[in-house]
Each structure stands twice: as C-alpha cells, then as structure tokens.
Visitor: 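This is the structure, below, for whatever I ask next.
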Amino acid sequence: MRLDDHELPAASHLTGPGAIDALRVPVEAAGGVIESCRVRQVQYRPGSDLVVQFSATVSWNGAAPVRETLLASTTINGPLAGTVAVEASTSKGPLSVGLWRWPFDPALPGLRTAVTSKMLASELRDLVGTEPMTLEVVAYRPTERVVVKVTTSRHQLFVKVLPLGRAEVLGERHRQLRAAGLPVPSILGLVPESGLLVMDAVAGPTLKEMIKTDAGGWPDATEYHRLTAALGDAIMPEAPIVRRRTDDAALHARMLADVFPAREGQLGELAEFFADDHTAHPTSVIHGDLHESQLVIDQGKITGVLDIDDCGLGAPVDDAATVIAFLRYRALTTPTVRERLNEYADELRRSWLPTFGPSVLDHATAATLVGLATGPYRVQQADWQATSGAVLDTCATLLDNAGHERTLSMPSSRAHLAEPRCHR
C-alpha cells in the first residue's frame, strides 16, 4: 500500500507501484537490469525517515539474473551518508532518495565482513581456528543492527554488527548485567573499527521455539519475577532512558493510521489516548524488549536472556506488559496453541497485578499491542490488514475491560485471521 507523508514526499514513490523506477537508474548505471522487484519490508518513522527493503532479481552485464536485496531510504535530512543519492523533480517539489545494496549498509561498515566467510574467518581465527564455518543472518534492521549466527563443527557463536561506537557500549552492558547475575551471553570478542561484537551462544531452545512445537516446560511466574528482580538490581551508571510503551504507542498508532485508512478513526483515538498517558516513569533497569524470543529455557528455568540492545532505565511495568502482549499476539496468530497461550498470559498477568495494579498493567499491555499491530505491515505480510485489525480489536477490548473513562471505538465486524503467521 502506498505510504503518504508530507514530510517525506518520496515515501509514496518508494512504497507504490512505481518504486522500481527509483531503483532502476543507479542499477543500470552500475551495469545491471532489474528483472523483477517487490517490497519486502518497510521501516517507517512518521515525519522522520523511511527505509524500504526490496527483493529483486538483477541481470548484471548481460549475465543470468541473480537475487539481490536492494534498499532505499528517504529522511527529512536528505540521503544517508554513504548511499547512492537519486534526485528527481516533480510538480510538488524535489524528491531525494538514498540507495544501497546488501551487504553495503551505510551505517554498518562491518556488515560485509560479517557475512563473508573468508573475511569473518580472519577476524575470528583466535576463537575458532581454521575450521570451516557456515553463516546465517538471523536478524537485519537496516542502518541499526545485524545478527549473524556462526557455526563450525565445534563452535556456535553470534556476531552482532552495529554502527561504529555502539559495539563497545553494548559489550559493557553485557558485562554489567552478567555481574548482576543475569544470564546474558558472554562477550568473546570485539572489533571496534568494524562495529563487530562476538557473543557466545546460550544453549537451549527459546520460549518461542517451545511455543511453536507446543512443548512442555514453560517457565512459571516466579521465573519472570526472579529475572526482573535481577534486572532491577543491576548497576548501570550510564544507562540510557527507555521510552515508555505508551509513548511509543501514540507514534505507532499515527504511523499505522497513515497506511490503514479503514482503521484511521480508531487509530486516531488510540494515538490521542496514549499521548495523554503519564502513569509511570523510569525507576530501574529493565530489559526494554522482553518477550518469548528473548528467553532461553531449560527444564522450566530461564537460563538465557538475549538481545539487550534496548536495556536501560525504564518503568518495570513495561517489561511485564511486553511479555504479556507478545503472548496475546502469538495467541491471535497461532490457533493451534491459542487457548494455552491465553491461559499462560492470564497466569502471568495475575502474578503481576499485586505489583502494578490492573489499570497500569493493562494500559501498558494495550500500548505494546499497538506497536505489535504495525509488524504485519512492516514485513509486508500478504494479509496484514486482517492481522493488524485483530490485534487492534484485542487492544480496544483490553482498554474497555480495564474501565477507562474513554471507550475506544471498535468495528463491529472482527477481522478474520486467514493464516497463523506472526512476524516481528
């Protein structure tokens, strides 16, 4: 769906049917011909910046077409440094876009090294010797971070690629949390000049993997309380402030309203509702993005905590709400374990009620759900309107049941979830 943002006039061109035209000029200048192209992911912050990831097939210098990942960005400050700038004149004013090709992310100079076996082997020789390695990209957030899983016959580790200066900060954060007793991955190496952080693998399945297979041994509420207590005891003198989920919800609702006109009224109410929230403030160290994909489990115990990039000083209720909201989201999108997931979420909610109270906890949970409702659009899920609509319905029901003074409108016809797919 075409995205219109008057602060980012090129956005509609990058997300509309003519997006290939923005890519064609620089590709042809480099000797390529685009055979096909489709939008694969949209990373959007209203009034600020947009990054669109395309899956394309390109014929280089007359050779057989190959699969390429092309990316295009537009920001209120012009093209990102290090990108190929493309400018065009229109009746509504100039358009400016910055383009790049995977793995040459302008903000992640170490990415090419991290995804090229020979280059990475040179960096990791002291850790894995000369063993052959296989690489798997497990996460990519353009201009922000990449996670690469490295496997050899005797080792498994992860390399995180970050903007320059961030690897040192995150490495120190790992050390601080481990000192507080948190089972975060240990740091095996650091390459500051490339922004590479090398981490040990934590053995065991994540809770997400266990949910997918409907395995037993999900941790009970005491495990979550033990984890959040350890986080609260962590000493992080330079901890960043973690934005409240309610603050993010107002922004997410406005962003989704731009691309989801059928829910524009409801989303406008949600944006206004959460913009007025001032119920909690940062009080202690929190994970910042705590959910089932971040928890490694062994016999009902949380034995690993992953992805602490967002860790900092925040409101503890947001960690609790994030755990619950992700379970509610996964229940909506995974019918095979829906009942069990909702019962599990209910159990965890009851355990946190004495600490936060129902209104504050449910408010933060609803705010997190608004953020999750943007995910299906971001990854361009084929039926994203149905999935996002169902999540928004759940959010509205949660707020209504919490007894808030303002009753949020909710369409009478519930969205149907055609396929049990979940993207985050």
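The structure presented is a predicted model; accordingly, all values stated were derived computationally and were not measured.
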Visitor: Is the H363-F356 ring centre distance short of 6.0 angstrom?
Guide: no
Visitor: Just checking, is any N or O donor in the side chain of D105 or Y140 under 3.5 Å from an acceptor N or O on the other one?
Guide: yes
Visitor: Do V147 and V159 make a side-chain contact, defined as non-hydrogen atoms from C-beta onward lying under 4.5 Å apart?
Guide: no
Visitor: Do Y224 and L295 touch side chain to side chain, with heavy atoms closer than 4.5 Å?
Guide: yes
Visitor: For the residue pair A72 and F54, what are the closest heavy atoms and their distance?
Guide: CB-CE1, 3.9 Å
Visitor: Backbone N or O of V370 within a donor-acceptor pair of the T374 side chain at under 3.5 Å?
Guide: no
Visitor: Examine distances only and state if a side-chain atom of T83 and a backbone atom of P79 form a donor-acceptor pair shorter than 3.5 Å.
Guide: no
Visitor: Can you tell me how far the CG atom of L256 sits from the CG atom of L251, to the nearest 0.5 Å?
Guide: 12.5 Å
Visitor: Could you tell me which non-hydrogen atom of K160 sits nearest to which non-hydrogen atom of L170, and how far apart they are?
Guide: CD-CD2, 3.7 Å
Visitor: Look at D298 together with K301 and state whether they make a salt bridge at an N to O cut-off of under 4.0 Å.
Guide: no
Visitor: Please report the shortest heavy-atom distance between L99 and A22, naming the atom on each side.
Guide: CD1-O, 3.3 Å
Visitor: At their closest point, which heavy atom of L270 faces which heavy atom of C395, and how far apart are they?
Guide: CD2-SG, 4.0 Å
Visitor: Let's go through D289 and R245 carefully: what are the C-alpha distance in whole Å and the side-chain angles of both, what is the deciding distance for salt bridge (charged side-chain N to carboxylate O under 4.0 Å, His left out) to 0.1 Å, and is it a yes or a no?
Guide: CA-CA 10 Å; D289 193 26; R245 286 297 186 187; 3.6 Å; yes
Visitor: State the CD1-CZ distance between I20 and R38, to the nearest 0.5 angstrom.
Guide: 13.0 Å
Visitor: Any heavy-atom pair between the side chains of I211 and R330 that's under 4.5 Å?
Guide: yes
Visitor: When you measure from the centre of the six-membered ring of W102, is the NZ or CZ of R67 closer than 6.0 Å and no more than 45° off the axis?
Guide: no
Visitor: Which residue, T387, T334, T368, forms the side-chain contact (heavy atoms from CB on, under 4.5 Å) with Y329?
Guide: T387
Visitor: Are the side chains of R244 and V317 in touch, meaning some heavy atoms are under 4.5 Å apart?
Guide: yes
Visitor: For L71, which of Q53, Q41, R101 qualifies under side-chain contact (heavy atoms from CB on, under 4.5 Å)?
Guide: Q53
Visitor: Can you check salt bridge (charged side-chain N to carboxylate O under 4.0 Å, His left out) on R173 and D310, steps first, answer last?
Guide: CA-CA 10 Å; R173 193 173 299 168; D310 297 321; over 6 Å; no
Visitor: If you take all heavy atoms of G314 and P316, which pair is closest and at what distance?
Guide: O-CD, 3.5 Å
Visitor: Below 30° counts as parallel, above 60° as perpendicular, anything between as tilted: where do the rings of Y377 and W384 land?
Guide: perpendicular
Visitor: Would you please name every residue forming a ring pair (Phe, Tyr, Trp, His ring centres under 6.0 Å) with W100, sequence neighbours left out?
Guide: none
Visitor: Can you list the steps and then say if M199 with L188 is a side chain to side chain contact (heavy atoms under 4.5 Å, CB included)?
Guide: CA-CA 5 Å; M199 301 173 291; L188 302 178; 6.0 Å; no
Visitor: Under a 3.5 Å distance rule, please check whether R178 uses its side chain to pair with a backbone N or O of V184 as donor and acceptor.
Guide: yes
Visitor: Using modelled atom types and a 3.5 Å cut-off, is there a donor and acceptor pairing between side-chain atoms of S59 and backbone atoms of A63?
Guide: yes
Visitor: For H287 versus L231, what's the shortest heavy-atom pair and its separation?
Guide: N-CD1, 3.8 Å
Visitor: Would you mind checking if D247 and R243 are paired as a salt bridge, meaning a charged N to carboxylate O distance below 4.0 Å?
Guide: no
Visitor: Heavy atoms, side chains only, cut-off 4.5 Å: are V242 and L313 in contact?
Guide: no
Visitor: Would you indicate whether I241, at its atom CD1, is surrounded by more than 12 heavy atoms from other residues, nucleotides or ligands within a distance under 6.0 Å?
Guide: yes
Visitor: For R338 and L332, indicate whether the former's side chain and the latter's backbone hold a donor-acceptor pair under 3.5 Å.
Guide: yes
Visitor: Under 4.5 Å between any side-chain heavy atoms of P237 and Q176, yes or no?
Guide: yes
Visitor: Let me see the working for F274 and H252 under ring-ring contact (aromatic ring centres under 6.0 Å, His included), right down to the final yes or no.
Guide: CA-CA 10 Å; F274 286 114; H252 286 140; over 10 Å; no
Visitor: Answer yes if the side chains of Y44 and D258 hold a donor-acceptor pair under 3.5 Å, and no otherwise.
Guide: yes
Visitor: Under 3.5 Å, is there a donor on one side chain and an acceptor on the other for T113 and S194?
Guide: no
Visitor: Could you tell me whether the side chains of R263 and S388 share a donor-acceptor contact shorter than 3.5 Å?
Guide: no
Visitor: Would you check if L80 and T143 make a side-chain contact, meaning some heavy-atom pair closer than 4.5 Å?
Guide: yes
Visitor: Enter the distance from S284:OG to D319:CG here, rounded to the nearest 0.5 Å.
Guide: 8.5 Å
Visitor: Hey, mind stepping through L135 and L120 against side chain to side chain contact (heavy atoms under 4.5 Å, CB included) and telling me if it holds?
Guide: CA-CA 10 Å; L135 308 181; L120 188 60; 3.7 Å; yes
Visitor: Please round to the nearest 0.5 Å and tell me the distance separating atom NE2 of H174 and atom CG of L197.
Guide: 6.0 Å
Visitor: Could you please spell out the steps behind the side chain to side chain contact (heavy atoms under 4.5 Å, CB included) verdict for R328 and N342?
Guide: CA-CA 6 Å; R328 300 290 190 202; N342 278 323; 3.3 Å; yes
Visitor: Just by modelled atom types, is the P142 backbone N or O under 3.5 Å from a matching donor or acceptor in the Q43 side chain?
Guide: yes
Visitor: Could you tell me if the side chain of V42 sits less than 4.5 Å from the side chain of L50, heavy atoms only?
Guide: yes
Visitor: Step through the shown structure and confirm whether more than 12 heavy atoms of other residues, nucleotides or ligands are within 6.0 Å of CD on E193.
Guide: yes
Visitor: Run the numbers on E209 and K212 for salt bridge (charged side-chain N to carboxylate O under 4.0 Å, His left out), then give the verdict.
Guide: CA-CA 5 Å; E209 292 167 339; K212 282 185 173 181; over 6 Å; no
Visitor: Near R112 CZ, under 6.0 Å, is it more than 12 heavy atoms from other residues, nucleotides or ligands?
Guide: no
Visitor: One pair to check against salt bridge (charged side-chain N to carboxylate O under 4.0 Å, His left out): E292 and K208. What are the steps and the verdict?
Guide: CA-CA 5 Å; E292 75 284 356; K208 178 182 177 180; 6.0 Å; no
Visitor: Would you say the side-chain atoms of Q381 and D383 include a donor-acceptor pair closer than 3.5 Å?
Guide: yes
Visitor: State the OG-CG distance between S73 and D49, to the nearest 0.5 angstrom.
Guide: 8.0 Å
Visitor: Looking at CG of L398 and CG of D393, how far apart are the two atoms once the value is rounded to the nearest 0.5 Å?
Guide: 12.5 Å
Visitor: With no hydrogens and no angle check, just 3.5 Å: does a side-chain donor-acceptor pair link T57 and E35?
Guide: no
Visitor: My understanding is that only one of V150, D200, V128, L127 makes a side-chain contact (heavy atoms from CB on, under 4.5 Å) with H155; could you say which?
Guide: V128
Visitor: Side chain to side chain contact (heavy atoms under 4.5 Å, CB included) for L227 and V305? Distances and angles first, verdict last.
Guide: CA-CA 9 Å; L227 172 62; V305 181; 3.5 Å; yes
